[in-house]
Amino acid sequence: MARALDGSICRVKLTFGDLSAEQARQVAEAAKRFGNGVIEITNRANLQIRGVQPEAEASLIRALLDAGLGPLTDKGDDVRNVMISPVAGLDTNTVDIRPLALRLLQILQTNASYQTLSPKFSVLIDGGESVAMVDHPHDIWVSPINPAGTTPQFAFGVAGVPPTKHGDQTTLGSVGGEHVFDLITKILDLFIDWSRDHPAASRLRHMIAETGTACLAEKLESHPGFGLAKAMSDWYRAPPRPNAHLGVLPVRDGLTCLVGAIPPLGRLDPGLLWALADLAGKRGNGTLRMTPWQSVILAGVATSEAESVLADLESLGLRFDVRQPLATMISCSGSAGCGSALAATQADGLRLAALLGAGTAIPQIHMSGCRKSCASPSAQPVTLVATAPGHYDIFLRATNGPSRFGKLLAANVTIEEAADLIGENFGAI
Ligand code: SF4
């Protein structure tokens with residue numbers, strides 16, 4: 001539970017974003033009974049129930065545990081941060097990393113030493129999928145060098161992301177697929193050892209800032225079991241397909257597919273979550289998968305029914321056509337739920353989307369209630385940062401700053417002015 005302006009926020013951590021239709025109904029019911037009815041999909045593919053009053057917290061936790069949505073151990077909840085692609089094991093020419101990810105998730109929750117890691121500590125296990133979020137920094141990442149190969153070798157790095165283009169941070173080294181689990185746990189052990197003398201440090205980037213990557217690489221290279229190869233400056237992960245989490249996603253078997261769409265600003269209410277659960281039961285395989293883009297995927301949909309399932313999702317208010325601003329727009333809670341917010345980002349975001357209308361080149365827009373940027377750890381093509389109620393600075397993403405959001409396009413503008421400026425720059429209106 002975390003405190004917020006509208007009551008406590010209860011984070012419901014999902015294993016790789018999945019929940020059954022029945023679990024989804026139980027979450028919907030719990031949000032209605034014990035929260036204010038707002039359910040958010042997070043950028044780590046979890047759910048959050050908002051507006052929980054103190055007297056309802058214990059009942060809510062009991063309801064979620066009864067739904068089978070608790071951690072493996074009491075102290076294991078915070079460290080359940082292993083990210084994988086929503087199509088892991090289903091995409092063609094990729095490595096099925098799900099067994100590795102499950103094994104890691106299990107040890108993170110059950111090993112007392114790992115339970116001391118920060119709730120923000122995260123590990124990315126990439127299988128080389130075309131639907132993947134590989135631009136959010138993780139404490140540790142691994143990614144196959146040749147995903148279609150028969151004996152995968154994994155590149156790895158810390159405090160960053162897999163390189164996808166020239167100039168990105170390079171790898172720390174590579175190991176055979178059979179050594180990836182031991183490599184990750186070795187890095188965790190080294191970090192935990194180091195952090196005993198640095199109690200304020202919670203992330204691997206803090207260790208790297210003090211010791212450098214060379215020191216970590218040396219310690220790993222001296223480990224006899226890994227057969228670790230040195231850093232490669234010329235390997236790049238194939239960039240994922242943009243917005244591939246939306247629409248129809250083919251899978252290996254060719255008979256079924258995944259169907260993805262996003263609720264406006266990644267928010268659901270109990271009725272909508274219940275309706276999605278019904279749709280997953282009737283037209284899919286009975287599971288819902290949340291994604292780090294704050295969208296939903298229905299799995300196991302017959303390929304012949306994909307278009308009609310998309311129509312059903314659209315009739316429920318979800319978007320999948322990237323020419324609509326709300327198909328990609330993200331927002332923090334803004335003044336509806338956060339005491340630090342300088343504006344009502346969600347209401348302003350909906351208004352901005354309505355003003356922009358459907359265009360042909362609308363970039364992803366991020367609405368942020370202050371400079372902390374909770375909704376997106378990395379810069380988005382367009383970021384509006386609140387300066388006062390109804391007013392924002394607009395930034396366009398740039399590779400070299402000058403700010404974390406990019407280059408300032410205009411300062412302290414209204415939503416109407418923002419819509420005009422975005423239209424002028426991207427031909428959206
Ligand atoms: S970005 Fe700022 S306003 Fe938005 S949720 Fe985070 S702290 Fe609050």
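Predicted model only: the values in this text are computed from it and were never measured. Both ligands and their constituent atoms are indexed starting at 1 by order of listing.
Counting only distances under 2.8 Å, and ignoring water, the protein N, O or S atoms around atom 8 (Fe) of ligand 1 are Cys338 SG.
Arg283 and Ser308 are linked by a side-chain donor-acceptor pair at a separation below 3.5 angstrom, with hydrogens and angles left out of the test. Side-chain atoms of Lys120 and Asn81 include no donor-acceptor pair closer than 3.5 Å. A donor-acceptor contact under 3.5 angstrom links the side chains of Ser130 and Asp91, judged on distance only. No hydrogens or angles considered: nothing links the side chains of His245 and Thr291 as a donor-acceptor pair under 3.5 Å. Residues Thr287 and Asp18 bring no donor and acceptor atom of their side chains to less than 3.5 Å of each other.
Looking at Ser373 against ligand 1, only its backbone comes within 4.0 Å, counting heavy atoms.
Residue Ser368 approaches ligand 1 through these ligand atoms, each under 4.0 Å from one of its heavy atoms: 1 (S).
A distance of 6.0 Å separates OG of Ser331 from CE of Met367, quoted to the nearest 0.5 Å.
Here Phe121 and Tyr114 keep their ring centres 6.0 angstrom or further from each other.
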